[in-house]
Trainee: 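Sharing a structure, written as structure tokens. Questions coming.
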Amino acid sequence: MNNLHIKKDDNVVVISGDSKGTIGKVIATSPEEGKVIVAGANIVSKHTKARKQGENSTIVKTEGAMYASKVQLVCPKCNKGVRTKVVFKTGKDGKNVKVRVCAKCGAEI
């Protein structure tokens with residue numbers, strides 16, 4: 001699966017798991033693994049080791065990766081998680097451009 005329906009900086013809602021209902025911005029994507037990292041969702045604890053003498057090891061809370069199938073894009077018009085479809089529109093230079101639109105209301109995302 002090397003093609004995701006989610007891109008970086010998209011607003012998404014988590015539809016399953018412990019973070020269900022959380023709305024956040026996509027920080028990073030990994031198309032090879034089919035995973036995304038969403039701000040404020042799937043918080044995990046990472047243990048950091050002390051690197052220098054006198055430094056303390058700590059536990060850091062950070063966002064973990066989750067499968068892209070667990071998130072949906074948020075439509076700006078509907079304000080809900082929706083499926084998307086691709087529509088070709090004519091761009092400024094006369095070429096066809098792929099545009100993601102809401103499957104329910106047809107708003108451009």
Trainee: Identify each donor-acceptor pair in which a side-chain atom of residues 85-100 lies under 3.5 Å from a protein atom, sequence neighbours left out, and give them as a table.
Mentor:
{"unit_1": "Lys89", "atom_1": "NZ", "unit_2": "Glu108", "atom_2": "OE1", "d": "3.2"}
{"unit_1": "Asp93", "atom_1": "OD1", "unit_2": "Lys95", "atom_2": "N", "d": "3.4"}
{"unit_1": "Arg100", "atom_1": "NH1", "unit_2": "His5", "atom_2": "O", "d": "3.1"}
{"unit_1": "Arg100", "atom_1": "NH1", "unit_2": "Asp10", "atom_2": "OD2", "d": "3.0"}
{"unit_1": "Arg100", "atom_1": "NH2", "unit_2": "Asp10", "atom_2": "OD1", "d": "3.2"}
{"unit_1": "Arg100", "atom_1": "NH2", "unit_2": "Asp10", "atom_2": "OD2", "d": "3.3"}

Trainee: State the CD1-OG1 distance between Ile6 and Thr84, to the nearest 0.5 angstrom.
Mentor: 7.0 Å
Trainee: Just wondering, do Thr22 and Val38 contact through their side chains at under 4.5 Å, heavy atoms?
Mentor: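 A side-chain contact under 4.5 Å is absent here.
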Trainee: My understanding is that only one of Leu4, Ile15, Val14 makes a side-chain contact (heavy atoms from CB on, under 4.5 Å) with Val71; could you say which?
Mentor: Val14
Trainee: Output every pair passing salt bridge (charged side-chain N to carboxylate O under 4.0 Å, His left out) with a member in residues 14-27, not counting sequence neighbours, ordered by first then second residue.
Mentor: none
Trainee: If a pair satisfies salt bridge (charged side-chain N to carboxylate O under 4.0 Å, His left out) and one of its residues is in residues 57-75, list it, with sequence neighbours excluded.
Mentor: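 Sorted pair list comes back empty.
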Trainee: Cys105 and Cys102: which non-hydrogen atoms are nearest, and at how many Å?
Mentor: N-SG, 3.4 Å
Trainee: Name the atoms and distances for all side-chain donor-acceptor pairs under 3.5 Å in residues 72-82, with sequence neighbours left out.
Mentor:
none

Trainee: Under 4.5 Å between side-chain heavy atoms, chaining through other members, with only Ile, Leu, Val, Met, Phe, Trp and Tyr counted: pull out the rest of the cluster around Ile59, sorted by chain and number.
Mentor: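 ILVMFWY cluster around Ile59 holds nothing else.
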Trainee: Would you tabulate the side-chain donor-acceptor contacts of residues 50-58 under 3.5 Å, counting partners in other chains and residues two or more places apart, or write 'none'?
Mentor:
{"unit_1": "Glu55", "atom_1": "OE2", "unit_2": "Arg51", "atom_2": "N", "d": "3.4"}
{"unit_1": "Thr58", "atom_1": "OG1", "unit_2": "Thr48", "atom_2": "OG1", "d": "2.7"}

Trainee: Closest approach of Asn42 and Ser19, non-hydrogen atoms and distance?
Mentor: N-OG, 2.8 Å
